[in-house]
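Notes follow the structure.
Worth knowing before you read on, the calculation uses all heavy atoms, side chains too, and leaves out hydrogens, waters and symmetry mates. This is a predicted model, so every value here is computed, not measured. Along the sequence shown, residues are numbered consecutively beginning with 1.
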Amino acid sequence: MEFGIHIADFTWTGGSTTLGADLARHVRDAEAAGITRITVMDHFWQLHGIGPESHAMLEAYATLGFLVAHTEKALLHTLVTGVIYREPALLVKQVTTLNVLSGGRVGLGVGAAWNESESKGLGFHFPPTAERFERLEEALQICLQMWSEEEEPFHGQHYSLERALNSPQSLTRPHPYLMIGGGGERKTLRLVAQYADACNLGLTPESGHKLEVLARHCDDLGRDYAEIEKTCMFAITPESTVDDVVRKADEAAELGFTASYIYAAGITDRARIIDLLGSGLARVQQA
């Protein structure tokens, strides 16, 4: 079981004045504690359940560039990018650039997007659900084509590229780590089975069933289910203990997950976050 830290809240003591230095220290401490993955949300407003919408939210890919410069080993990616926020070719260039500059440590987490309030508030086109999933599949196809050696045109229903040139290519071959987030049984998990290196699901009572659905999609598509990394996400709160972290990690492992992305909700003491994850990870690895 690997642990990832998902940084979901940037409203920290000290505010914007010290945020850069505080974030750099936080991710260095995470690596020192044995955490092997660091992710950020691709949102522009804070999410309900973590804080009010007006709380600080950094733009994801600029933040990943900052994290590249302040980490040495961790896998970095968004958890996850909404496909409607960027043209797919621009997204490929962003991820490829960070992959090259990081020595191959940056991947892509992507999903169909869901935050209508945020999108309409900031003027992002927010099409109906069916179209968002059509766009997600086309974006995945464009990503994989641009990360190959094929420069041929791509013409889909929603996106059209006359030349799919991507230079320099990613250091990670055949392509950067590719995760699709979400647990939709009919569409999302089918796309995972067809295109992705990894899934990401919330750790809930439904998680085992979701993995069974993913396995059926793999059978239908002729994909080896074992090829897909199964990852989950869960929260820690001010009441959480190391025992709680270990219990959830053990639950995840029993279901077949091999990586847990953990985010803090309501914890303002960043040292406590690192202590909970680091101590929990040490116990999980000793078991």
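- A distance of 7.5 Å separates NZ of K230 from CG of L211, quoted to the nearest 0.5 Å.
- Grouping the Ile, Leu, Val, Met, Phe, Trp and Tyr side chains by contacts below 4.5 angstrom, directly or via other members, places M41 with F126.
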Evaluation steps, side-chain contact (heavy atoms from CB on, under 4.5 Å), between E118 and E53: CA-CA 9 Å; E118 172 187 74; E53 290 177 331; over 6 Å; no

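- Considering all non-hydrogen atoms of both residues, A193 and L221 come closest at CB-CD1, 3.8 Å.
- Criterion: ILVMFWY side-chain heavy atoms under 4.5 Å apart, direct or through other members. Under it, L47 and M57 are part of a common hydrophobic cluster.
- Within 6.0 Å of atom CD in E152, more than 12 heavy atoms from other residues, nucleotides or ligands are found, so the atom counts as buried in its surroundings.
- At least one donor-acceptor pair under 3.5 Å links the side chain of R132 to the backbone N or O of A113.
- One N or O on the side chain of E138 and one on the backbone of Y159 form a donor-acceptor pair closer than 3.5 Å.
- Residues meeting the side-chain contact (heavy atoms from CB on, under 4.5 Å) test with E212, sequence neighbours left out: H209, R216.
- Electrostatic pairing of E2 and K73 does not count as a salt bridge here, judged by no charged N lying under 4.0 Å from a carboxylate O.
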Intermediate values then yes/no, side chain to side chain donor-acceptor pair (under 3.5 Å), D244 and T241: CA-CA 5 Å; D244 294 326; T241 65; 3.2 Å; yes

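- Between the K93 side chain and the P88 main chain, no donor and acceptor come within less than 3.5 Å of each other.
- In terms of heavy atoms, V106 sits closest to S102 at N-OG, 3.4 Å.
- Pairing each heavy atom of V68 with each of L101, the nearest pair is CG1-O, 4.1 Å.
- When side chains are defined from C-beta on, H175 counts as touching D197, because their heavy atoms get closer than 4.5 Å.
- The line from CG of D9 to CD of Q46 is 5.0 Å long, rounded to the nearest 0.5 Å.
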Full working for side chain to side chain donor-acceptor pair (under 3.5 Å) between T237 and E239: CA-CA 5 Å; T237 68; E239 294 76 31; 3.1 Å; yes

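- Under the 4.5 Å side-chain contact rule for hydrophobic residues, F133 and L144 share a cluster.
- Closest approach of C199 and L214 over heavy atoms only: SG-CD2, 4.0 Å.
- Remark: E116 engages K120 in a salt bridge, criterion side-chain N to carboxylate O under 4.0 Å.
- The aromatic rings of Y263 and H6 sit perpendicular to each other, their planes meeting at more than 60°, with 30° as the lower class boundary.
- Heavy-atom minimum distance, E72 versus E31: N-OE1, 3.0 Å.
- Screening residues 16-61 for ring pair (Phe, Tyr, Trp, His ring centres under 6.0 Å) gives W12-H26, H43-W114, F44-Y85, F44-F124 as the qualifying pairs, with residues at least two apart or on separate chains.
- Applying the side chain to side chain contact (heavy atoms under 4.5 Å, CB included) test between F154 and each of Q141, M146, E162 identifies Q141 as the sole match.
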Identify all side-chain donor-acceptor contacts of residues 245-262 below 3.5 Å with residues at least two apart in sequence or on another chain.
| from | atom 1 | to | atom 2 | distance (Å) |
| --- | --- | --- | --- | --- |
| K248 | NZ | A235 | O | 3.2 |
| Y261 | OH | R37 | NH1 | 2.9 |
| Y261 | OH | H77 | NE2 | 2.9 |

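- Remark: side-chain polar atoms of T96 are not paired, donor with acceptor, to backbone N or O of S170 under 3.5 angstrom.
- Atom-to-atom distance recorded for D42:CG and N115:CG is 11.0 Å, nearest 0.5 angstrom.
- For the atom pair N99 CG and R105 CZ, the distance stands at 10.0 Å (nearest 0.5 Å).
- Taking hydrophobic clusters as Ile, Leu, Val, Met, Phe, Trp and Tyr residues chained together by side-chain heavy-atom distances below 4.5 Å, L171 does not share a cluster with V92.
- Counting heavy atoms of neighbouring residues, nucleotides and ligands inside a 6.0 Å radius, atom CZ of R173 exceeds 12 of them.
- For the pair I180 and L140, the minimum side-chain heavy-atom distance is below 4.5 Å.
- L122 and L58 fall within a single hydrophobic cluster, where Ile, Leu, Val, Met, Phe, Trp and Tyr side chains are chained together by heavy-atom contacts under 4.5 Å.
- From E206, atom CD reaches atom CG of L201 across 11.0 Å, with rounding to the nearest 0.5 Å.
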Residue pair E137, Y195: steps toward the side chain to side chain donor-acceptor pair (under 3.5 Å) verdict: CA-CA 9 Å; E137 183 158 21; Y195 298 105; 2.7 Å; yes

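- Across F3 and L281, no two heavy atoms sit closer than the pair CE2-N, 3.5 Å.
- A 4.5 Å side-chain heavy-atom check between L76 and V27 finds every atom pair outside the cut-off.
- Separating the CD1 atom in I228 from the CG atom in L178 is a distance of 10.5 Å, to the nearest 0.5 Å.
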